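Notes for the one structure printed next.
Quantities reported herein were computed from a predicted structural model and do not represent experimental measurements.
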Amino acid sequence: MSDPRAGMPTSSERMTVEQLAERVGMTVRTIRFYAGRGLIPPPVREGRNGFYGPDHLARLELVRELQAHGFTLSAIEGYLERLPATASPADVALQRTMLAPWLSDLPETVARDVLEIRAGRSLSDDDVELLVALRVVEPTPDEDVFRVSPAHLSVGVAMIDLGLPLDAAVEAERLFESHARAIARELTDIFRQKVLPHYRASGESAEAITAMVERFKPLTVQALVTAYESAVNETKRETVRRRT
């Protein structure tokens, strides 16, 4: 954990615990609990008053991101312990950027009637089953209530309009899932072992690297789409060659 004196907030940056709680969207009690567990440094003391700054804010935002990914408190503690003691607020923000979901629209929980409004059409039970098989929507414990990613719903509806058989949808989803996981793991390794060290060796600031990571996300997705299109075209050519 970093030395709180090293990252002493300026007068314009310093916050009371109440102001910090409002900025990060947590209760004062939760912040004090996290401070007691060592997830953030203690406040900087000036007399009887304690003040917080950008370092505390950045670490709490990282804690919130880790919680959103389902990390337990002990796992979050372990993650933060591995951060360099000299990590600046910008360095911590970079960690949060790398963890942030890639979806432009986070999943929402909606009732079936709202799902149909979003889909622009009525949905039969078979239609819903297909959307679930494609993992466009996810059932919840409540009947006719679903988790849905708005950005993916139009793709699912287009699949319904194609009359895609359910068994084909299940098999296609299995292929997408298995290959996507493998690609994600390998690309993550490349990024951590080669791309990120290159950025850091170039002397770029943590803020500039964070901006580069954000640009890297859509470029990676587009590269995957381009590679898939090329692979499909090559597969077609191979099929034609085999038939001639």
Checking the side chain of [X] only, and the main-chain atoms of [Y] only, is there a donor and an acceptor separated by less than 3.5 Å?
X      : Y      : value
Asp189 : Glu186 : no
His152 : Val137 : no
Arg59  : Val92  : no

Residues that [X] engages under side-chain contact (heavy atoms from CB on, under 4.5 Å), provided they are two or more places apart:
X      : value
Arg37  : Phe33, Leu39, Leu73, Glu77
Ser154 : none
Glu177 : Arg135, Glu173, Arg181
Arg48  : none

By side-chain hydrogen bond (donor to acceptor under 3.5 Å, both in side chains), Thr235 pairs with (sequence neighbours left out) none
Can you tell me if CD on Glu22 sees more than 12 non-hydrogen neighbours from other groups inside 6.0 Å? no
More than 12 foreign heavy atoms under 6.0 Å from CZ of Arg64: is that the case here? yes
When rounded to the nearest 0.5 angstrom, what is the spacing between [atom1] in [X] and [atom2] in [Y]?
X      : Y      : atom1 : atom2 : answer
Arg14  : Leu20  : CZ    : CG    : 14.5 Å
Ile190 : Arg185 : CD1   : CZ    : 13.5 Å
Leu66  : Thr72  : CG    : OG1   : 10.0 Å
Thr188 : Gln193 : OG1   : CD    : 10.5 Å
Asp91  : Ser205 : CG    : OG    : 9.5 Å
Asp144 : Leu123 : CG    : CG    : 10.5 Å

Between Asp127 and Ser124: side-chain donor-acceptor atoms closer than 3.5 Å: yes
Identify whether the distance between the nearest side-chain nitrogen and carboxylate oxygen of Arg241 and Glu234 falls below 4.0 Å. yes
Does Asp125 pair with Arg112 as a salt bridge, N-O distance under 4.0 Å? yes
Shortest non-hydrogen contact from [X] toward [Y]:
X      : Y      : value
Phe146 : Pro139 : CD2-CA, 3.9 Å
His56  : Phe51  : CE1-O, 4.3 Å
Gln19  : Thr16  : OE1-N, 2.9 Å
Ala58  : Pro89  : CB-O, 3.7 Å
Asp55  : Pro41  : OD2-CG, 3.4 Å

Between [X] and [Y], is there a shared hydrophobic cluster once you connect ILVMFWY residues whose side-chain heavy atoms come closer than 4.5 Å?
X      : Y      : value
Val136 : Val114 : yes
Val28  : Ile40  : yes
Leu131 : Val145 : no
Leu134 : Val170 : yes

Could you list the donor-acceptor pairs under 3.5 angstrom formed between side-chain atoms of residues 158-169 and any protein atom two or more places apart in sequence or on another chain?
{"from": "Asp161", "atom 1": "OD1", "to": "Arg121", "atom 2": "NH1", "distance (Å)": "2.6"}

Between Val24 and Ile31, is any pair of side-chain heavy atoms under 4.5 Å apart? yes
Start with the C-alpha distance between Val17 and Tyr52, add both sets of side-chain angles, then the distance that settles side chain to side chain contact (heavy atoms under 4.5 Å, CB included), and finish with yes or no. CA-CA 7 Å; Val17 67; Tyr52 300 81; 3.6 Å; yes
